[in-house]
2 protein chains.
Amino acid sequence: MDMHKDYRIGDLARATDTAVETVRYYERIGLLPEPPRTEGNYRLYGEAHLHRLRFIRRARALGFHLDVIRDLLGMVDRPDQPCASIDQLARAQMAEVDAKIADLTRLRAELAHVANQCHGGTVRECRIVEALSGGEG
Amino acid sequence: MDMHKDYRIGDLARATDTAVETVRYYERIGLLPEPPRTEGNYRLYGEAHLHRLRFIRRARALGFHLDVIRDLLGMVDRPDQPCASIDQLARAQMAEVDAKIADLTRLRAELAHVANQCHGGTVRECRIVEALSGGEG
DNA sequence: CCTTGACCCTGTAGCGGCTACAGGGTCCAT
DNA sequence: ATGGACCCTGTAGCCGCTACAGGGTCAAGG
Ligand SMILES: [Zn+2]
Ligand SMILES: [Zn+2]
Ligand SMILES: [Zn+2]
Ligand SMILES: [Zn+2]
């Protein structure tokens with residue numbers, strides 16, 4: 001079962017739906033550890049790298065920022081610690097997403113309000129332009 | 001009534017809730033026209049600049065990208081044309097915001113699903129970590 | 001007249017999270 | 001030996017600002 005499969009960077013990228021440049025980027029910023037190299041200087045990854053990259057990508061897909069992911073990975077590397085702080089980061093992420101949704105919802109309402117005022121005609125008469133130009137001053 | 005008020009960049013910035021550097025940035029990218037200068041090389045703005053900057057900032061607050069705002073301004077400068085394309089840009093902006101809201105809503109659901117699996121304990125047993133690590137491979 | 005301090009100037013570099021080259025090297029099949 | 005798929009490093013670009021550094025200008029107060 002210990003098949004010790006090796007991956008080149010392209011394999012890893014395909015397996016995690018990541019661009020090759022992004023994998024190298026994660027290494028550059030210290031998120032993914034530097035793998036050993038072949039004689040020809042190719043990066044050579046193992047299962048551990050695959051798991052770590054998968055973790056990063058899933059977390060990114062859920063909107064976690066890279067610095068938070070760095071913290072998460074640090075916690076994952078201490079598996080005997082209590083997981084409360086992971087829980088907390090997840091909750092903070094939910095709060096961030098909620099705030100963004102609220103922002104965009106307000107935006108959407110204002111946008112609809114503005115867009116619905118246009119009754120056709122020339123630019124000069126357009127209520128959208130009027131709304132964007134603002135009344136005061 | 002033609003009071004011909006002049007503004008220095010800081011006045012303009014305050015009047016539109018914009019950072020001074022942002023005003024210069026808009027000028028650099030050709031969104032705000034270069035104003036005349038004083039003898040001491042200070043930018044000197046008039047009402048027209050104020051209106052234009054206000055327009056830009058309102059549009060930005062509604063989420064329009066700068067290149068779209070550039071198009072909008074080009075249309076505003078041809079006030080005898082029909083306003084249909086302005087209408088269309090506003091509708092496209094609404095669609096973009098809708099798409100973002102939909103994305104975030106899906107995200108939020110997935111995040112809640114993941115976060116709610118945690119029942120405490122150590123990192124090793126944490127379901128959040130498990131969910132982020134992924135089952136396959 | 002001189003200093004202080006608020007304001008202004010230019011130019012450059014940084015943020016996040018990639019993405020896109022340029023200009024090479026490696027490896028394997030035909 | 002040659003082609004083509006892949007890999008390497010390094011640098012610059014994207015968006016929309018933001019943050020300096022290192023200077024100049026200008027009006028008020030002592
Ligand atoms: Zn309104
Ligand atoms: Zn209209
Ligand atoms: Zn799920
Ligand atoms: Zn947990």
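Order of the sequence lines sets the chain letters (A, B, ...), proteins ahead of strands, with each chain counted from 1. It should be emphasised that the depicted structure is a prediction, and the values quoted were computed from it without experimental measurement.
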Self-check item: Backbone of A:Leu62 reached by a side-chain donor or acceptor of B:Glu110 within 3.5 Å
Solution: no

Quiz item: So do B:Pro33 and B:His49 actually touch side chain to side chain, heavy atoms under 4.5 Å?
Solution: yes

Quiz item: Taking the nucleotide of DNA chain D with the closest heavy atom to each, which residue, A:Tyr45 or B:Tyr25, is nearer the 5' end?
Solution: A:Tyr45

Quiz item: Can you tell me if the side-chain N/O atoms of B:Arg60 get under 4.0 Å from OP1 or OP2 in D:dC17?
Solution: yes

Practice problem: By nearest nucleotide on DNA chain C, pick out whichever of A:Leu66 and B:Asp11 is the more 5' one. | Solution: B:Asp11

Self-check item: Gap between atom CD of A:Glu96 and atom CG of B:Leu104 - 0.5 Å precision
Solution: 10.5 Å

Exercise. Let me know the distance between CD of A:Glu21 and P of D:dG13, rounded to the nearest Å.
Key: 17 Å

Quiz item: Which is it for A:Arg52 and A:Asp77 under the salt bridge (Lys or Arg N to Asp or Glu O under 4.0 Å) test, yes or no, and what are the steps along the way?
Solution: CA-CA 10 Å; A:Arg52 206 170 177 89; A:Asp77 288 342; 3.2 Å; yes

Quiz item: Is A:Phe64 touching bases, backbone alone, or none of the nucleic acid, heavy atoms closer than 4.0 Å?
Solution: nothing

Quiz item: What are the 5'-most and 3'-most nucleotides of DNA chain C lying under 4.0 Å from any heavy atom of chain B?
Solution: C:dC7 to C:dT10

Quiz item: For A:Arg60, does the CZ atom have more than 12 heavy-atom neighbours from other residues, nucleotides or ligands under 6.0 Å away?
Solution: yes

Exercise. For A:Arg37, report the nucleic acid contact type (base, sugar-phosphate, nothing); a contact means any heavy atom under 4.0 Å.
Key: sugar-phosphate

Quiz prompt | Any donor-acceptor N or O pair under 3.5 Å, side chains B:Thr16, B:Arg57 | solution = no

Quiz item: Can you tell me how far C1' of D:dC17 sits from NE2 of B:His65, to the nearest Å?
Solution: 14 Å

Practice problem: Answer with base, sugar-phosphate or nothing: what part of the nucleic acid does A:Arg57 contact at a heavy-atom distance below 4.0 Å? | Solution: sugar-phosphate

Practice problem: Report which part of the nucleic acid A:Arg24 touches: base, sugar-phosphate, or nothing (heavy-atom distance under 4.0 Å, all strands). | Solution: base

Quiz item: With a 4.5 Å limit on heavy-atom distance, are the side chains of B:Ile128 and B:Gln117 in contact?
Solution: no

Practice problem: Give the rounded distance in Å between these two atoms: CZ of B:Arg28 and P of D:dC15. | Solution: 14 Å

Quiz item: Would you say A:Glu125's side chain and A:Thr122's backbone share a donor-acceptor pair under 3.5 angstrom?
Solution: yes

Quiz item: Given the rule in the salt bridge (Lys or Arg N to Asp or Glu O under 4.0 Å) test, do B:Asp11 and B:Arg14 qualify, once you have shown the distances and angles that lead to the verdict?
Solution: CA-CA 5 Å; B:Asp11 304 329; B:Arg14 256 185 307 279; 3.1 Å; yes

Quick test: give all pairs of protein nitrogen or oxygen and nucleotides 24-28 of chain D nitrogen or oxygen below 3.5 Å, distance rounded to 0.1 Å.
unit_1 : atom_1 : unit_2  : atom_2 : d
D:dG24 : N2     : B:Tyr42 : OH     : 2.7
D:dT25 : O4'    : B:Tyr42 : OH     : 3.4
D:dT25 : O2     : B:Tyr42 : OH     : 3.1
D:dC26 : OP1    : B:Gly40 : N      : 3.4

